[in-house]
Structure formats: structure tokens, C-alpha cells
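Worksheet: the structure to be examined is printed underneath.
From a predicted model like this one, the values you see are computed outputs, not experimental measurements.
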Amino acid sequence: MDLTVLPQRTADELDAMRAAGRVVAQTLAAVRAAAVPGVKLRELDDLAKTTMYEAGATSSFLGYKPSWAPTAYNGVLCLSPNEVVVHGRPSGQRLKDGDLLSVDCGAVVDGWNGDAAISVLVGERTSDADARLVTATEEALAAGIAAAVPGATLLDVARAVDAVARRYGYAHLPDHGGHGIGRSMHEPPFVPNQPLAGLDRVRLHAGSTLAIEPMLLAGGERYRHKKDGWAVVTADGRRAAHVEHTVAVTDDGPVVLTTA
């Protein structure tokens, strides 16, 4: 049976993607440190913009307008607090003690993209339930990364992520997931977080690059969009977490490109 094969990046191309990923990691580290009670989401976005541009990178997100979006994106970060799962836009909203904030960042260096996300517990009045949700999402990401080896398929990656979500009893954000990445931030294929028909036809080889990104919900899987057309919010108001790394498949095992 014929299998779909992802583009295979050369060693030099992976080095270029690693440079972009390093900027993403540095930016997320700066934002994590600054995500304290009282700070405005817009201030975190301004910090990210400065960090990114001083490193010689441009934003993958700023001005991005996919076909489903009513407007071009207005920030360099997606900042998604509490019941906002993904695509929360920078605003004057201030973080509160006990918030759960998901932060997504994309950077471009020399035409190559890096993309990663973190979930941060804000302040000192954080809950055990939120900590468990973040831990599960991070473990799901680690499992998906571990499955990204030569000869595996996207079904193997999806099963690995899904197994962790099931073990913890969390739902996935439906219709959302990771993606191929390289010269463009979003490239084929779609990388779901749970098994779907046809995923066994997409084969990974050394040089394949993926953005793997679990999005786990503490409650049910139903969601809605805010009036801005961007932010995805849990329908039941329960909290969500989102983490992501850009990963290269190599003969020596998976390599995370979005690290400092």
C-alpha cells in the first residue's frame, strides 16, 4: 500500500529550523517569567515582540490570516487564559493569581519556522486540578514526540498522545491538532491528537518535521469561538491546557528543535 511521505529536511535545513526554534524557546522563557498577577496580556505580547526581534527573528503569527479568520492576527503570541484553549489574542486583560495561561509562539529565521507552546500556572494560588491538567498535557506531548521515529506513522503519534489523555480522563479539543512545519508555519499534514482514519498512510522518515501540540480539556469536548472569530473557548467554561514543540525525526530518535 502506498504511503504519504513527509518532506525530508537536510541537515542544513534542520539547523536553520533549530535557529528559529531557539528564538521561540527564548521568547517563551521570557514570557513565562513575566506571567505574574497584574500583568496585561498585551504587555506579554510586547515583551515577546522585543525578545524575538532583538534575536533577529520575525513573527510567524503577526498578520497571519487563514481562510477561516475574519481578520489578520494582531499579535506575536497567542495568549489563552483559563477556559480559552487556543488562539486567544493579546488584550488589556490582566492576569490574576491562580490563572492558567497557555502561550503559543512562532518565529521565522532565514525563511524557516519554529513553533511551540507552553501552559503556565500564574501566581501562588494555583490549584492541584490545574497542575494535573498541565502535567497531563506535557506528558501527552512527550509521548507524541517519543513516537515520532523513522518508520512510524501519524497514527502512532496520535495513539501515543491519546493514550495519555485517556489515562488522565481528559478530552481533546476536536478538529484541532499539530501540523507539518518548515518554510511555512502550517504545512501538510494535519497532525491529530487522537486516532483517525488514514493516519496510518502518513509515514515518518529521517528529516520529517512536525509541530506536535496536544490541547486537553478538563471538561467536555464542546467548544465555541469568541466574537473576535479567533479565540477557542470551552463550552462548559472548564479550563484547558496547550503545549507544543517543533520536532525533527532523525535516525538517532526525535529531536526537539524548539529548545534554548
Side-chain angles (χ1 to χ4, degrees), residues 17 20-21 23-32 34-35 39-95 99-120 173-188 190-191 209-215 223-234 240-246 257-258:
M17 290 185 67
V23 174
V24 171
Q26 292 168 348
T27 302
L28 289 174
V31 172
R32 181 191 290 275
V39 72
K40 294 179 181 179
L41 298 183
R42 188 178 298 116
E43 292 171 340
L44 295 179
D45 195 70
D46 290 342
L47 170 63
K49 183 183 298 183
T50 299
T51 304
M52 192 180 300
Y53 292 174
E54 286 181 350
T58 56
S59 170
S60 305
F61 294 0
L62 186 62
Y64 179 60
K65 190 180 183 303
S67 59
W68 50 263
T71 58
Y73 197 70
N74 68 330
V76 302
L77 298 176
C78 291
L79 294 157
S80 305
N82 302 324
E83 75 281 3
V84 183
V85 191
V86 289
H87 303 158
R89 298 198 301 177
S91 70
Q93 178 179 343
R94 293 184 185 272
L95 291 178
D99 279 349
L100 193 169
L101 177 68
S102 294
V103 184
D104 196 356
C105 179
V108 186
V109 175
D110 294 331
W112 293 94
N113 284 260
D115 189 7
I118 57 175
S119 283
V120 181
L173 178 64
D175 311 320
H176 293 71
H179 47 90
I181 186 170
R183 284 287 187 183
S184 298
M185 175 174 58
H186 292 134
E187 296 184 353
F190 176 52
V191 182
T209 49
L210 301 173
I212 301 174
E213 52 179 317
M215 290 157 272
Y223 68 90
R224 61 180 178 84
H225 285 90
K226 284 191 171 183
K227 291 181 180 179
D228 66 10
W230 277 97
V232 177
V233 181
T234 61
H242 169 213
V243 295
E244 176 185 17
H245 271 307
T246 297
L257 300 178
T258 39

Roughly how far, to the nearest 0.5 Å, is the [atom2] atom of [Y] from the [atom1] atom of [X]?
X	Y	atom1	atom2	value
Leu62	Asn74	CG	CG	8.0 Å
Ile181	Thr209	CD1	OG1	7.0 Å
Thr234	Arg224	OG1	CZ	8.0 Å
Leu101	Ile118	CG	CD1	8.0 Å
Asp46	Leu41	CG	CG	11.0 Å
Glu213	His245	CD	NE2	12.0 Å

Could you check if a side-chain atom of [X] sits within less than 4.5 angstrom of a side-chain atom of [Y], using non-hydrogen atoms only?
X	Y	result
Leu100	Ser119	yes
His242	Ser80	no
Arg89	Thr71	yes
Val84	Lys226	yes
Val103	Leu44	no
Ser102	Val86	no
Arg183	Trp112	yes

Examine Trp68 together with His176 and report whether their ring centres are nearer than 6.0 Å.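 When the ring centroids of Trp68 and His176 are compared, they turn out to be at least 6.0 Å apart.
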Out of Val109, Leu257, Asn113, which residue meets the side chain to side chain contact (heavy atoms under 4.5 Å, CB included) rule with Met17? Leu257
From Ile212, Val24, Asp104, residue fulfilling side chain to side chain contact (heavy atoms under 4.5 Å, CB included) relative to Glu244: Asp104
Please confirm whether the backbone N or O of [Y] pairs with a side-chain atom of [X], one donor and one acceptor, at under 3.5 Å?
X	Y	result
Thr246	Asp115	yes
Lys49	Tyr53	no
Asn82	Asp99	no
Ser60	Ala107	yes

Ignoring hydrogens, what is the shortest heavy-atom contact between [X] and [Y]? Give both atom names and the distance.
X	Y	result
Ser59	Met52	CA-SD, 3.6 Å
Thr27	Cys105	CG2-SG, 3.9 Å
Cys78	His87	SG-CA, 3.8 Å
Val120	Ala35	CG1-CB, 4.4 Å
Ala117	Leu28	N-CD1, 4.1 Å
Tyr223	Val232	CD1-CG1, 3.5 Å

Would you please classify the geometry between the Tyr64 ring and the Trp230 ring as parallel, tilted or perpendicular, with 30° and 60° separating the classes? tilted
Over 12 non-hydrogen atoms of neighbours within 6.0 angstrom of NZ in Lys227: no
